[in-house]
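Down below is the structure, laid out as structure tokens.
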Amino acid sequence: MGFWQRFLQLDRKWIFIGIAIVVIIPLIKPLGLPIKPTKPVIDLFTYIDTLGPESDPVMVVTGFDPSTMPELMPMEQALLRHCLTKGIPVISFGGLYPAYIGMAKMAIDEVSADFPDKKYGEDYVFLGFIPGVSAVILSIGIDIATTFGNDYYGTPIDSLPMLRGVKNYSDISLVVDVSGSSTPEYWLMYAQERYGVNIGVACTAVSAPAFYAFLQSGQFVGMLGGLKGAAEYEELMARKGYPTGRRPATIGMDSQSLAHLLIILLIILGNAGYFIVRRGERRQGIIRRKK
Amino acid sequence: MSISTSIWVWMAALLTLMVYSFLYKDNPFYRLAEHIFMGLSLGYTLTILWYNYIIPRVYEPLFLPPHQWSLIFPILLGMMTFGIFSKKYSWLIKYPLAFYVGGYAGLRIPLLLQSWIIRQVEASFLTPDKFTSLMSSINAILIFAGLFATLIYFYFSKKREHGFGAAAQVGIVFIMVAFGAAFGYTVMARISLLIGRMQFLLHDWLGIM
Amino acid sequence: MILLLALAFSISAKDTPDDGGGSITVNVYNIPEGTARIELSRLEKGDTLFKEAGLISIFKGECEDVSVIDGVEYLYRGKAIAKDTFYIAEIKGFVTSSPQWFNKSRTTVLIFLILFGSVVLTYIQLAKKNPEGLFIRKLPALDAIDEAVGRSTEMGKPVLFVPGLEAITDAGTLASLTILEKVGKKVAEYGSRVIHPNFDPIVMTTAQETLKTAFAEAGRPDAFNKDDVFYLTYEQFGFAAGVDGIMLRERPGAIFLQGYFYAESLILAETGYSIGAIQIAGTNATTQLPFFVAACDYVLLGEEMFAASAYISREPRLLGSIKGSDLAKVVLLFMIGAGVIFGTIAGIAKQGGNPAYMQIFNKMLEFLARGAK
Amino acid sequence: MKKRVPLVITFVTGFIVIISFFIPHRPFGPLETDTLIWYSIILGFTLLIGVDSLVRLHVRQMRRRKAGWWYSIVFFAGFFYCLVIGIMSVIRTPNPFQPGTIFFYGYKTILIPLQSTMFALLAFFVASASYRAFRARTLEATLLLVAAVIVMIGRVPAGYKLWTRLPGIANWIFNVLQMGAMRGIMIGVALGAVAMSLRLILGIERTYLS
């Protein structure tokens, strides 16, 4: 009995240490728990995978700031990697809000470093932040060059070889919004409904259910939700033999599973202890039911 | 990969550890990080204020053509809030406050009716296509039952007796299931955040993964 | 390119309804197969040249021209461009735009507003006339205030009150002020101290005034220290870090987390738990309720916060308004219930080959859908 | 005078803003966006009150040499550092978040880690809170516990390995059982807030003017 009583009064610090351990150990020594891609992820992957160097470019929109970076950065990198591997021209758009551009820069810098043969301006371009939110989305539908003027580095859009002949959404095969907020709804409203461009979405685990309805109605091509979605995308790339980089999401998924299991184990043990202790106390007549 | 040589990475890593040290107990390191955080975030807020408000919303519309002179009115109201710096004129703040509170109350009423109440009522209507299978109709009825019992729980002006009390009790049951589900649902994202931090420490800083 | 006048391809334009003017809505019908885009151009009456006026969405077949001037007459022309051909359509006569005095698409909201407003107003009037017989059910979280402040004073510890992370404009923040008033009075009576860190400066000044009044009403105006109500920062997690620091250093015996909170809710509540304080939380942020329920001793759930002022003061007019919104709940339940039953009948009848009920049901749904837009 | 005039102002602004929701015609139509812009300007001024309060707090601490007063020096160092580089960056580039500016460096290497670390504390707290709170003490607590555990485990690959139908059940709990109660809570909050707003406009609820 003594053990359970002590267990019930377990100091929080042990729980914290437990969580830290189950998160850190799989990061250093991955367990390689199997990952089973789900339909929304397969849909988006397949859509991009059927494209090639001759297709219209894919636009990857950065829609997150540091607070949701752990979930969304792996997705953005996996998407960029996928496009560069297949030779699909990529437009990386730095986002609708000023704080997003830094994230976009980090993603494109890290991924392009792994593809030394891909040339900026020919295989991928990077567009900066423009104020206006929905007005920007609408304006891209009319003319990309007049919307942005220059790319992020100050080069006029017209002098980038990759964007020659890319006027507006009709010359873009897919827009993927990697978003930590409700911006996918803007893209849906202003880009898809208005100009009919295909939209894919990559979002946090928390906002995923809100977008399911659009997925079911076919308004989104596919969806990556949370770290799990990112890991599934990395898995699909690995299955095809594409270079996947460090696979940060896949590595993280082991920690994720273990941490969930630890929390559940704690809950179960806590309840077991609670019942054992209570039965003991009731037998000794310590507990009297309160009215 | 090996340990980082960038001073910026070291700074970020040390700050991360300082914050985590608080999980053990309050200590000078946490306190240091806390004060750096407060100071920086205040300076940051002022910069953003300058960049997002003063320049585009006050300076540009007021001093560049076409001048929007009507903006003098909110500027005056804004300055009235400074009344609190004096004992004699501290009541001046009540004018902008009243304007602020009244305006938002007015904004809120139709918007809440529109996008919270009417939208939720609409969503709760059973559209017949929800009756495509036995399961879907059971689901639809369960959703309505949950809504019904929850609203009874929030009924304030009646004693909880007999059937009414029982319905409120069922309401608590539904509310608790909802809270449990919502709690369990966010656990995943919260763990992801920690994984992100740990990847930073282990990969970017220590270089051991 | 060859110019083709496809007979079916047509275009119409009308003043955009329910707006403040300066906009004409253009629709195209029977868009020819293979159209890549549709360009819109317009001719001002008296001019001779058509000018560009944007693109029409192929997906929706609609576009709003917002560059028009009220009262000026325009003629529109649509040009559907396919790979190597194009089609042209023009509207029949000139159109003009104008502003409207009533937004018809918001009729549903107006009906709801009038109904709700009159119910609440009526009950307030009734309550003023007949203050007896007004009942409000127990709210344990508010009853626990006395105990929490009392116990905290006994231990010689201060009380911490966090008003959430929203501005004074949020209804939850305003509700938290009434709770603060009550807490302030108790604290003054017991001769304890209340610490009130703030996220919003206006909330800070208002809380200072509220506490000053509360202390004065309790007969201890001198005991109030304005410096205990201070500003922290306008950054979400910076605020959480600061409040956590205060909890660890000041070790309050009772913690009130009242107002609108975001993800930091659990950071605050768990730190509060770790120092052994009684925690009374309340929020209108539905997403954060589960965390408060898990980590705090008492919680005011959503709407219960808005009933707090009536519960504390027992003022007839406030109690009356609570009764009014209770009645609104019943009305809403009846509406939803009717919709559910009618929808079921309509669904069954439709399968039996009778679509008439369906039409009525769809009308009901349409009425709501219009209001929810 | 000092209380009545503000009450009248509240009533008049509230009423005008409500009716402008239904009238698109000038001058009512654009009122909604105009007032929001006005409020953001007032907000800008009030932030200075906040800065004043916080600066005073720390000056006081330093002057009184309260225990740990030197932390206030750290506070001021951080404050002026961020303010100075922030204003410099705004003057030099149109967007202070432009990567490469010194402001962005400070933001990226100090503020971001602090923010995300504070945010990530939730991983620990979610664990400790669920260990403590999810005990089958009563029927309600048991339901809370069961729903949380099923949803939690149903959302990781391990849940699928455990029982293939678990993710489906987790979704069902979230989309069906949760939906009704959440809708009820939302309608309740909205009704309460509307009633509260009416009371404010009518001047029945007036704690904020005390």
Side-chain angles (χ1 to χ4, degrees), chain B residues 8 11-12 15-16 19 31 35-40 42-44 46-47 49 51 53 74 77-78 81 91 94 96 98-99 101-103 105-110 112 116-117 120 139 142-143 146-147 150-151 154 172 174-181 183-185 187-188 190-191 193-194 197, chain D residues 2 6 9-10 13-14 17-18 21 35 38 40-42 44-47 71 74-75 78-79 82-83 86 90 96 109-111 113-114 117 119-120 122-124 126 140 143-144 147-148 151-152 155 173-174 176-184 186-188 190 193-194 197 200-201 208-209:
Chain B
W8 296 109
M11 191 134 85
L15 284 171
T16 303
V19 172
R31 215 164 163 186
H35 280 81
I36 295 175
F37 200 171
M38 307 288 270
L40 281 178
L42 196 67
Y44 173 78
L46 281 187
T47 309
L49 176 75
Y51 169 68
Y53 292 99
L77 280 172
T81 59
W91 54 272
K94 296 205 164 127
F99 178 65
V101 169
L107 279 177
R108 192 160 47 224
I109 291 173
L112 281 174
W116 284 52
I117 297 175
Q120 295 300 332
N139 286 347
L142 271 174
I143 291 180
L147 171 71
T150 307
L151 278 183
F154 283 113
I172 298 184
F174 270 102
I175 290 172
M176 285 300 155
V177 170
F179 286 170
F183 191 110
Y185 192 82
V187 168
M188 184 167 186
R190 302 307 186 227
I191 303 281
L193 295 169
L194 180 63
R197 279 332 281 158
Chain D
K2 281 175 192 173
I9 295 178
T10 309
T13 20
V17 173
I18 291 181
F21 181 82
T35 38
W38 285 20
S40 70
I41 293 173
I42 300 179
F45 281 91
T46 63
L47 272 183
Y71 287 107
V74 177
F75 163 82
F79 174 53
C82 203
L83 191 64
V90 174
T109 56
I110 308 178
L111 213 52
L114 282 169
T117 309
F119 198 2
L122 280 171
F124 296 107
V126 154
E140 292 97 52
L143 289 165
L144 186 81
V151 173
M152 219 183 281
R155 283 174 58 76
I173 292 180
F174 195 80
V176 177
L177 289 189
Q178 197 233 199
M179 187 68 85
M182 271 301 167
R183 239 176 228 164
M186 280 172 77
I187 291 180
V194 172
S197 307
L200 284 166
I201 291 175
Y208 70 102
L209 285 176

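When reading the values below, keep in mind they use all heavy atoms of this one structure, side chains included, and skip hydrogens, waters and symmetry mates. In what follows, chains carry the letters A, B, and so on, assigned in the order in which the sequence lines appear, proteins first and then strands, with residues in each chain numbered from 1. Remember, predicted model here, so these are calculated numbers, not experimental data.
With sequence neighbours excluded, no residue forms a ring-ring contact (aromatic ring centres under 6.0 Å, His included) with B/Phe174. With sequence neighbours excluded, no residue forms a side-chain hydrogen bond (donor to acceptor under 3.5 Å, both in side chains) with D/Thr46.
Only the side chain of B/Phe154 comes within contact range of chain D, judged by heavy atoms closer than 4.5 Å. Using a 4.5 Å cut-off between heavy atoms, B/Met38 touches chain D through backbone and side chain atoms alike. Only the side chain of D/Ile41 comes within less than 4.5 Å of a heavy atom of chain B; its backbone N, CA, C and O stay farther away. Heavy atoms closer than 4.5 Å to chain B are found in the side chain of D/Phe21, but not in its backbone. Within the 4.5 angstrom heavy-atom criterion, only side-chain atoms of D/Phe124, from C-beta onward, approach chain B. Only the side chain of B/Arg197 comes within contact range of chain D, with heavy atoms under 4.5 Å apart.
Taking B/Ile191, B/Ile175, B/Thr16 one by one and counting their heavy-atom pairs under 4.5 Å with chain D, the maximum is reached by B/Thr16. Note: D/Thr109 leads D/Val194, D/Ile201, D/Thr109, D/Leu47 in heavy-atom pairs under 4.5 Å with chain B. When each of D/Leu144, D/Ile18, D/Ile42 is scored by its heavy-atom pairs under 4.5 Å with chain B, the top score falls to D/Leu144. Each of B/Ala178, B/Gly102, B/Pro96, B/Gly39 has some count of heavy-atom pairs under 4.5 Å with chain D, and the biggest count is that of B/Gly39. Here B/Leu42 is the residue among B/Leu42, B/Ile36, B/Val177 with the most heavy-atom pairs under 4.5 Å with chain D. Of the listed residues (D/Gly44, D/Ala181, D/Ala120), the greatest number of heavy-atom pairs within a distance under 4.5 Å of chain B belongs to D/Ala181. Considering only heavy-atom pairs separated by less than 4.5 Å from chain B, the leading option among D/Ile173, D/Leu143, D/Thr35 is D/Leu143. Interface remark: of the candidates B/Leu142, B/Ile172, B/Val101, B/Val101 forms the most heavy-atom pairs closer than 4.5 Å to chain D. Among D/Thr10, D/Thr117, D/Ile110, the residue with the largest count of heavy-atom pairs under 4.5 Å with chain B is D/Thr117. Ranked by non-hydrogen atom pairs under 4.5 Å with chain B, the options D/Gly184, D/Ala193, D/Gly180 are led by D/Gly180. In terms of heavy-atom pairs under 4.5 Å with chain D, the best-connected choice from B/Leu40, B/Leu151, B/Leu107, B/Leu193 is B/Leu40. Contact count versus chain D (heavy atoms, under 4.5 Å) is highest, among B/Gly103, B/Gly78, B/Pro74, B/Gly43, for B/Pro74.
Across all their heavy atoms, B/Ala181 and D/Ala147 have their closest contact at N-CB, 3.8 Å. The minimum heavy-atom distance linking D/Val151 with B/Gly184 is given by the pair CG1-C, 3.9 Å. Shortest non-hydrogen contact noted between B/Ile143 and D/Val176 is CG1-O, 3.6 Å.
Note on ring orientation: taking the six-membered ring where Trp is involved, the planes of D/Phe174 and B/Tyr185 are parallel (angle under 30°, cut-offs 30° and 60°).
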Inset, instruction - Could you walk me through whether D/Arg183 and B/Trp116 pass side chain to side chain contact (heavy atoms under 4.5 Å, CB included), step by step? - result: CA-CA 9 Å; D/Arg183 239 176 228 164; B/Trp116 284 52; over 6 Å; no
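Between the CD atom in B/Gln120 and the CE atom in D/Met182 there is a gap of 11.5 Å [rounded to 0.5 Å]. Between the CG atom in D/Leu83 and the CG atom in B/Leu46 there is a gap of 5.5 Å [rounded to 0.5 Å].
None of D/Phe79, D/Tyr71, D/Phe75 except one satisfies the ring-ring contact (aromatic ring centres under 6.0 Å, His included) rule with B/His35; the exception is D/Tyr71.
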